[in-house]
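A short write-up of the structure that comes next.
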Amino acid sequence: MEKTEKRIEELREQINYHNYRYYVLDSPEISDAEYDALMAELRRLEEEHPQLITPESPTQRVGAAPVEAFGVVEHLVPLLSLANVFSYDELLAWHRRASNLIPGRSMDFVCELKLDGLAVALTYSDGRLATGATRGDGYRGEDITQNLRTIRSIPLSLRKDAPKKFEVRGEVYLSKAGFEKLNEERAREGQPLFANPRNAAAGSVRQLDPRITVKRPLDIYIYALGWAEGNVPPTHWETLEYLKSLGFKMSPYNAYVTDIGEVENYHRHWLEERENIEFETDGIVIKINSLDLQRQLGVVGHDPRWAVAYKFPAIQATTRLLDIGISVGRTGSLNPFAILEPVSVGGVTIKQAALHNEEDIRRKDIRIGDTVIVQRAGEVIPQVVGPVVSKRSGEERIFVMPSRCPACGGEVVKPQGEAVARCINTSCPAQIYELLTHFVSRPAMDIDGIGEKLAAALLNSGLIKDVADLYPLRKHDLAALERMGEKSAANVINAIERSKDRPLFRVIFALGIRHVGAETAELLASHFGDMDGLVKASEEELLSVPTIGPKIADSIHLFFREEANLKVIEKLRKAGVRLQEEAAKAKELPLVGQEFVVTGRLEDFPRSETEARIKELGGAVVSSVTRKTTFLVVGADPGSKLEKARALGTRLLSEEEFLHLLEEANK
Ligand SMILES: [Zn+2]
């Protein structure tokens, strides 16, 4: 046993060393096959002796189960943002301001390339990775430790003695090559493509399931020590060297310079070499080297005075506009986008770019077949700047907005005085995703637990074709979806059920009628009192409602002229969603005078939920069975209450019968 333990130790040490050579230094000493053999041996020994597995073992990078949501991490020292400068003059002005605050002190600098990724903070405790968090708002971030553990250039344990507790900061990123590869894979699998490496990195790190994160080619560069318990070097440059000696991965582009003129040279050099940098960068970061001076200069607003970002200008390229496609947005807006002959812009291949709207296309006179200038700046979606008119052959075509929605064939309307054309069909598949996320949102129907992922899964599986299809969903429908736990499925079903009794104005708001916000919805609800009145209202009647002008009236009128929208309303009604003001309901609560006791575990509801529903309908819930008890609801593994109820002759309800009773009572 002791021998095994020793061998396991040895293997871990060797694997960590080779990991470090491979992922951090990029200079492996052994072949992949040799490395795999070491890993295989360690895995086998750990399988035979599971009690010897530790969280720091190299086999345990992906050990964690998916989480439902990320926890919150408070940053001990806030992660600041940086002020930007765009020219050498502005850089000199920054330098002058700093110099004036610390007269007579000379400065040296560290220059770094500004990575376009996701900033994270890693806390180490007793030489082990304790937590990893996103920057968040700078003060509180999300706990993404399990995902960051999957990045092999992040050490789980350190290579030598380190402060007892400290935090390092770094940027998680995807290289350009990794990004292109990832998008190629996604294209093959028919998944939506990431717009840029930054989005891809952020999306990958914020996966709830670390098994997805591990498949993404993420990497990290550490760029600062956040804080430490104990002594640390006096300058930023020495700190970086020190962190490197602990096993952290440092950007090879970092440079130490002694003069602001050298900063300008560094900037110019990498601007020219931009294409050859392995990752996306939109500028450089300059930090004053002395940590003592950094402390003296301090922070103004959210920006430190001792550091600044010196941005690169946007990069442009020319290519051919092959066609103009249309995507359908949240409120049915038809958004034209450019389909381009693939072109490399600053090292990233661009195949599509934004085109705003029809008028913008006309104003810039962009024609299909044109040679166009495309531009990328930082994380923004690439844009078409304009056509190169001199390159026209005469075969170019002028773009015309389609009169039917490309996603559903529905009617396209362009209200007067507006730049954007819209599809007004609520059941349009392209819109329904956005509409669904609006429908379930807190100010609308407030259905907890339906996030973006579940919304997409519901639509893709065909379980839902419009928002009203939420209501007939049953627990087993959801449980059949990928990675949906029993318990979360039950919670979602509960939340859907509860939403049936929302006030009328929230239902009106949830429909997503253009220009109808929560406030307007309240006015409409109190004016009409029920949905039918609103549906049938003429434009004239709508205009008689205080503060409702022609724009809103027109939009409401159009909405209820669409057959698909009327169908949604009918389905909501059939599902039992309340479509009138509370006052109009005025019927007595159906379960008044009835006493319920619940025993055992219910499949569809947590206990508290069950009790709340009974009380809402006027019933009473007590904890023990007496002669007064009307019903005993019997779940799985019932307790002694069942015997007592049998002895007293109390009516028993199975879960199914109970649900049926609730449904009846709800009618
Ligand atoms: Zn449509």
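Start at 1 and go down the list; that is how both ligands and their atoms are numbered. Just so you know, residue 1 is the first one in the sequence shown, and it goes up from there.
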Salt-bridge contact Asp448-Arg498 (side-chain N to carboxylate O under 4.0 Å) | no
What do the steps show when you test Arg135 against Glu171 for side-chain contact (heavy atoms from CB on, under 4.5 Å), and what is the final call?
-> CA-CA 10 Å; Arg135 177 179 179 278; Glu171 193 93 352; over 6 Å; no
Is a side-chain N or O of Asp477 found less than 3.5 angstrom from the main chain of Arg474, in a donor-acceptor match?
-> yes
Protein-side N, O or S atoms sitting under 2.8 Å from the Zn ion (ligand 1) are Cys405 SG, Cys408 SG, Cys423 SG, Cys428 SG
Are side-chain N/O atoms of Glu541 and His527 paired as donor and acceptor at under 3.5 Å?
-> no
Taking atom types as modelled, find out whether Glu581 and Ser526 have a side-chain donor-acceptor pair closer than 3.5 angstrom.
-> no
Is any NZ, NE, NH1 or NH2 atom of the basic residue among Glu278 and Lys176 found under 4.0 Å from an Asp or Glu carboxylate oxygen of the other?
-> no
